[in-house]
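Chain A is the first sequence line, chain B the second, and so forth, proteins listed ahead of strands; every chain is numbered from 1.
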There are 4 protein chains.
Amino acid sequence: MEPVNGSLRRSILDISRKMLVDEGFNRISMRKIAQKVGCSATSIYLYFKNKDALLHSLIEEGFEKLYEILSALNHPDKSPARKIEDYCRAFINFGLNNPEYYEIMFQLHPKHMERYPVEKFRRARRNTNLFMNALQELNDERMKSPEDARIWANVFVANIHGGISLLNAGRVDSRVEREKFIDTLVAGILAGSGELKLSHQT
Amino acid sequence: MEPVNGSLRRSILDISRKMLVDEGFNRISMRKIAQKVGCSATSIYLYFKNKDALLHSLIEEGFEKLYEILSALNHPDKSPARKIEDYCRAFINFGLNNPEYYEIMFQLHPKHMERYPVEKFRRARRNTNLFMNALQELNDERMKSPEDARIWANVFVANIHGGISLLNAGRVDSRVEREKFIDTLVAGILAGSGELKLSHQT
Amino acid sequence: MEPVNGSLRRSILDISRKMLVDEGFNRISMRKIAQKVGCSATSIYLYFKNKDALLHSLIEEGFEKLYEILSALNHPDKSPARKIEDYCRAFINFGLNNPEYYEIMFQLHPKHMERYPVEKFRRARRNTNLFMNALQELNDERMKSPEDARIWANVFVANIHGGISLLNAGRVDSRVEREKFIDTLVAGILAGSGELKLSHQT
Amino acid sequence: MEPVNGSLRRSILDISRKMLVDEGFNRISMRKIAQKVGCSATSIYLYFKNKDALLHSLIEEGFEKLYEILSALNHPDKSPARKIEDYCRAFINFGLNNPEYYEIMFQLHPKHMERYPVEKFRRARRNTNLFMNALQELNDERMKSPEDARIWANVFVANIHGGISLLNAGRVDSRVEREKFIDTLVAGILAGSGELKLSHQT
DNA sequence: GATGAATGAGCGTTCATTCAT
DNA sequence: AATGAATGAACGCTCATTCAT
C-alpha cells in the first residue's frame with residue numbers, strides 16, 4: 001500500500017482532506033486535487049486506483065485520527081465517568097472541526113460506497129469500544145454484561161453523532177447557544193446512562 | 001407508481017424520493033429520474049423549475065408528513081412524559097421507514113443547497129416545538145424557562161436523529177439488536193431530561 | 001396574410017420586435033415571446049408557421065418602416081442634395097435607434113436564412129432607389145446613366161450602413177465624438193459623389 | 001486542415017473560423033466543431049478555456065492578420081494618397097476573402113460577447129491608425145489636427161466596412177457589377193476627404 | 001515516477017415544435 | 001381561437017479515467 005516515494009501520496013491525502021472539509025466531497029475532482037497538489041491528474045492514479053480508493057484512504061485516516069484522539073484520553077487514573085465525558089467532548093470537537101471529513105465517516109451510506117470493503121468500517125468500532133470499556137468500569141449494574149455495555153456505547157455514539165450532525169447541517173435552532181446545546185447534549189448522555197454527571201457546571 | 005394519467009408531478013416526486021435513498025442526492029440526475037418515471041427529462045421542467053426546486057418540494061413534503069404524524073400524538077389527556085416517548089418512537093419509525101425523506105430533511109447541508117430558502121427549514125421547528133411544549137408541561141424545574149425547554153427539545157431531536165442516522169447508515173454494531181438499541185436510545189433520552197422513564201420495559 | 005382576428009398577431013410582432021432590439025435575435029425564444037405577450041407558446045404558431053416566418057415578418061416590417069420614414073422626406077420642392085442628406089441622417093437614426101432590428105435587416109446573411117424568400121429582400125431596394133432617384137435629379141454628369149446612379153446609390157447605402165454598423169458594434173474609437181463622427185460620415189458621403197455639401201456645419 | 005499530428009489547436013482555429021462564416025457564431029457548437037475537426041468536444045477544452053476563449057483567439061488572429069497586410073503597404077516613399085488607396089483596397093480584399101474572420105472582427109456586438117476584454121479590441125485601432133497617419137501626412141488643412149484625422153480615419157474604415165459587409169451579406173443590388181461597386185466605393189472614400197483621387201480609372 | 005493528450009459519458013438546462021383537446 | 005402537455009435534439013461544460021511516452 002505504501003509507494004516507494006511516499007511524499008506525493010502524502011500530499012494528495014493531505015490536500016484532498018483539506019479540500020473535502022472546505023468544499024464537500026462531490027465538489028472535489030481529481031483535476032482540482034491535482035491542481036492544488038501541483039501534479040498532474042494522472043499522477044494521482046499512481047497512488048490510488050481511483051477516486052473511490054482515495055476516498056477510502058481518507059475514511060481510514062479519519063477513523064485512525066479520531067481513535068488517536070480518543071485513546072489518548074484513556075488514562076488509567078481517570079474515573080470512568082470522567083473518561084466518558086472527555087470522550088464525548090473530544091468526539092464532538094472532532095466532528096465540528098472536520099465536518100466534511102465527518103460526513104464521509106459517519107453519514108456515507110455503505111450502499112453509496114459499494115466498493116468500500118465493509119469490514120473496514122469495523123475500525124470505527126475501536127472508538128465505540130472505548131466507550132464500552134469505560135462503561136464496564138462503572139459499577140452500574142445495568143452495564144455489567146458486555147452486551148448491555150455495547151448497546152449503551154452505541155447509543156452514546158449515536159447521541160454524539162446526532163448532535164454533531166445537526167450542528168454541522170445547521171439544523172439546530174439558531175436561538176440556542178452552541179455552547180449550551182453541547183453541554184446539555186453531554187449532560188443528557190451522561191444522565192442517560194444512570195448516575196453519571198457532568199464534571200462541572202457551565 | 002406509474003405515471004398513467006394526470007399526476008406526472010406526483011410520480012416524479014415519488015420516484016425521485018425513492019431514488020434519493022438508493023443513490024444519494026448528487027448521484028441522481030434529471031435524466032435518470034425521467035427514465036424511471038417514464039417521461040422525458042424535459043417534462044420534469046414542466047412541474048419543477050429546476051433540480052433544486054424538485055428537491056425543495058421533497059423536503060417540504062417530508063417536514064409536512066412528519067409533522068402530521070407527530071402532532072396527531074398530541075392528545076390533551078396524555079401525560080407529558082408519555083407524549084415525549086410517543087414522539088420519540090414515532091419520529092424514529094418515520095426516519096427508519098422513510099430513509100429517503102429523512103436524508104434530505106436532516107442530513108443535507110445548506111452549503112450544498114445554497115438556493116434553498118433558509119426560512120423554509122423553520123418548518124422543521126414545528127416538530128421540535130412539540131417536544132418543547134411537552135417538556136414545559138413537565139414539573140421539572142430545569143425546564144421551567146422556555147429557553148431551557150428549547151435547548152432540551154433540540155437535544156432530544158439530536159439524540160433521535162443520531163440513532164436514526166446511524167441505523168440507516170448501517171453504522172450500529174451488527175451484534176446489537178435493533179429493537180434493544182432503539183429502546184435504550186429512547187430510555188436514555190427520557191432519563192437524560194431527569195425524571196422521565198420508559199412507559200414499559202422491553 | 002392577415003388573420004381573422006389580427007390583434008394577437010399584432011402583439012406578437014410588436015413584442016418580439018421590442019425583444020429583438022433589447023435582447024438580440026438569438027436570445028429570444030418562442031417561450032419568452034409568448035410569456036411577454038401573455039399567450040401560450042403554441043398560439044404563436046397560429047399566426048406564424050415557425051420562428052423563421054416570424055423573423056421574416058419582422059424583416060419585412062423593418063424595410064417597410066424604413067421606407068415610410070425615408071419616403072416621407074421625399075418632398076418635390078426639396079433639392080436633391082438636401083434630400084440625400086436627409087435620407088442619410090434619417091437612415092442613420094433608424095439604424096441607431098433599432099440596432100437589433102437593423103442587424104436582421106442588413107447583417108443577416110442569406111445563407112443563414114435559407115428559408116427566407118430572397119425576392120423579399122428586393123423590398124430593400126426601394127430604399128436604395130430613393131437615393132438613386134435623388135442622385136439622378138442632380139445635374140451631375142457622372143450620375144446621368146441610371147447604371148451609374150444605381151452604383152452610387154448602393155455605395156451611399158454601404159457608407160451609411162458601415163457607420164451604423166460600427167457604431168452599433170461599439171467599434172468606433174471611443175475618443176471620437178458620436179456627433180462628429182456622424183457629421184463627418186455624412187459629409188464624406190455627400191462629397192464623395194462630387195459637388196454635394198453638408199447643408200449646415202456643426 | 002487535417003488534425004494529423006501535433007497542432008490540434010491549429011485545426012480547431014482553422015475549422016471553427018471556416019464554420020463561422022458558413023453558419024454564424026451562434027449556430028456553431030463545440031460539438032459541431034469537434035466533429036469537423038475529428039476530435040472529441042472535450043478536447044477543444046484542452047486548448048481553449050471555453051467557447052468564448054476560442055472566439056477571442058479567432059478575433060485576435062484576425063486583427064493580427066489584417067494589420068500584417070496593411071502595415072506591409074506602408075512604404076515611406078509612397079504618397080499618402082496612394083497609401084490610403086492601397087489600404088482601402090487591401091482592406092476590402094481581406095474582408096471579401098476572409099468573410100469568416102471579418103464577421104467576428106467587425107460585426108460581433110460586444111453585448112453578445114460580454115466576456116471579451118474590451119481593451120483587446122484596441123488592437124483594431126492599429127489598423128485605423130494607419131489611415132490616420134496617412135491622412136496627417138496630407139497637406140489637407142482639414143486633417144491638421146490629430147482629432148480630425150482620427151475622425152476621418154474612423155469614417156474611412158466605416159465606409160470600407162459598409163461595402164464589405166453588404167457585399168458579403170449579398171445585399172448589394174445584383175445588377176451592380178462587383179468591380180464597379182468597389183471602385184466607386186474607394187473613389188467615394190478618397191473624394192470624401194477632399195482632394196484625394198483614384199490612382200487610376202477603371 | 002510522472003505526464004500531456006485525449007475521450008466517452010454524463011450533467012442541468014433550453015429550445016422549437018407537435019398534438020390532442 | 002387557443003392551449004397544456006409533452007418531447008427529441010441540442011447546448012456548453014465537467015468528470016473520472018486511460019494510454020502512449
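Atom-to-atom, CD1 of A:Ile28 to P of F:dT14 comes out at 17 Å; the value is rounded to the nearest Å. Between B:Leu54 atom CG and E:dG12 atom C1' there is a gap of 12 Å when expressed in whole angstrom units. Atom CZ of D:Arg9 is separated from atom P of E:dA6 by 13 Å (rounded to the nearest Å). Computed from coordinates, the D:Leu8 CG to E:dG4 P distance equals 16 Å when rounded to whole Å. If you take CD of B:Gln35 and P of F:dG8, they are 12 Å apart, rounded to a whole angstrom. The distance between atom CD1 of B:Ile33 and atom P of E:dG10, rounded to the nearest whole Å, is 16 Å. Computed from coordinates, the C:Lys51 NZ to E:dT18 P distance equals 15 Å when rounded to whole Å. Atom pair A:Leu46:CG and E:dG4:C1' shows a separation of 14 Å (rounding to whole Å applied).
For the OP1/OP2 pair of F:dC15 and a distance below 4.0 Å, the side-chain nitrogens and oxygens of D:Tyr45 include no atom meeting the criterion. An OP1 or OP2 oxygen of F:dT7 is reached within less than 4.0 angstrom by a side-chain nitrogen or oxygen of B:Ser43. At E:dT17, none of the side-chain N or O atoms of C:Lys49 fall inside 4.0 Å of OP1 or OP2 (strictly under the cut-off). Residue A:Lys32 places no side-chain N or O under 4.0 Å from the OP1 or OP2 atom of F:dT14.
Partners of A:Ser40 under the side-chain contact (heavy atoms from CB on, under 4.5 Å) rule, at least two apart in sequence or in another chain, are A:Thr42, A:Ser43. Every residue was checked against the ring-ring contact (aromatic ring centres under 6.0 Å, His included) condition with A:Phe48, not counting sequence neighbours, and none meets it. Listed by chain and number, the residues in a side-chain contact (heavy atoms from CB on, under 4.5 Å) with C:Glu64 are C:Glu68, C:Arg123, C:Arg126 (sequence neighbours excluded). Listed by chain and residue number, D:Arg10, D:Leu13, D:Tyr101 satisfy the side-chain contact (heavy atoms from CB on, under 4.5 Å) test with D:Glu61 (two or more places apart in sequence, or in another chain).
You'll find the side chain of A:Lys36 stays beyond 4.5 Å of the side chain of A:Ser16, heavy atoms only. Contact of the C:Lys65 side chain with the C:Arg17 side chain is registered, since non-hydrogen atoms from C-beta on lie closer than 4.5 Å. D:Ile33 is listed as a side-chain neighbour of D:Leu54, based on a closest heavy-atom distance under 4.5 Å.
Candidate nucleotides E:dC11, F:dA2, F:dG8 were compared by shortest atom distance to the side chain of B:Ser40, and F:dG8 ranks first. In the set F:dC13, E:dT13, E:dA6, F:dC13 carries the atom at the smallest distance from any side-chain atom of D:Asn50.
Side chain of C:Asn50 to backbone of C:Asp52: a donor-acceptor contact under 3.5 angstrom is found. Remark: the backbone N or O of D:Ile28 is paired with a side-chain donor or acceptor of D:Lys51 at under 3.5 angstrom.
Taking the nucleotide of DNA chain F with the nearest heavy atom to each of B:Ile44 and C:Ile44, the more 5' of the two is matched to C:Ile44. Projected onto DNA chain F by closest heavy-atom contact, B:Ala41 and D:Met30 fall at different nucleotides, the more 5' of which corresponds to B:Ala41.
For B:Arg31 against E:dG12, a side-chain N or O and a base N or O form a donor-acceptor pair under 3.5 Å.
Recorded end-axis angle for the helix from E:dA2-F:dT21 to E:dT21-F:dA2 stands at 30°, based on five pairs per end and rounded to 10 degrees.
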Checklist entry - Run the salt bridge (Lys or Arg N to Asp or Glu O under 4.0 Å) check on D:Glu100 and D:Lys18 step by step: do they pass? => result CA-CA 6 Å; D:Glu100 63 273 26; D:Lys18 270 163 199 152; over 6 Å; no

Look for any protein N or O under 3.5 Å of an N or O in nucleotides 19-21 of chain E and output each such pair with its distance, or none.
none

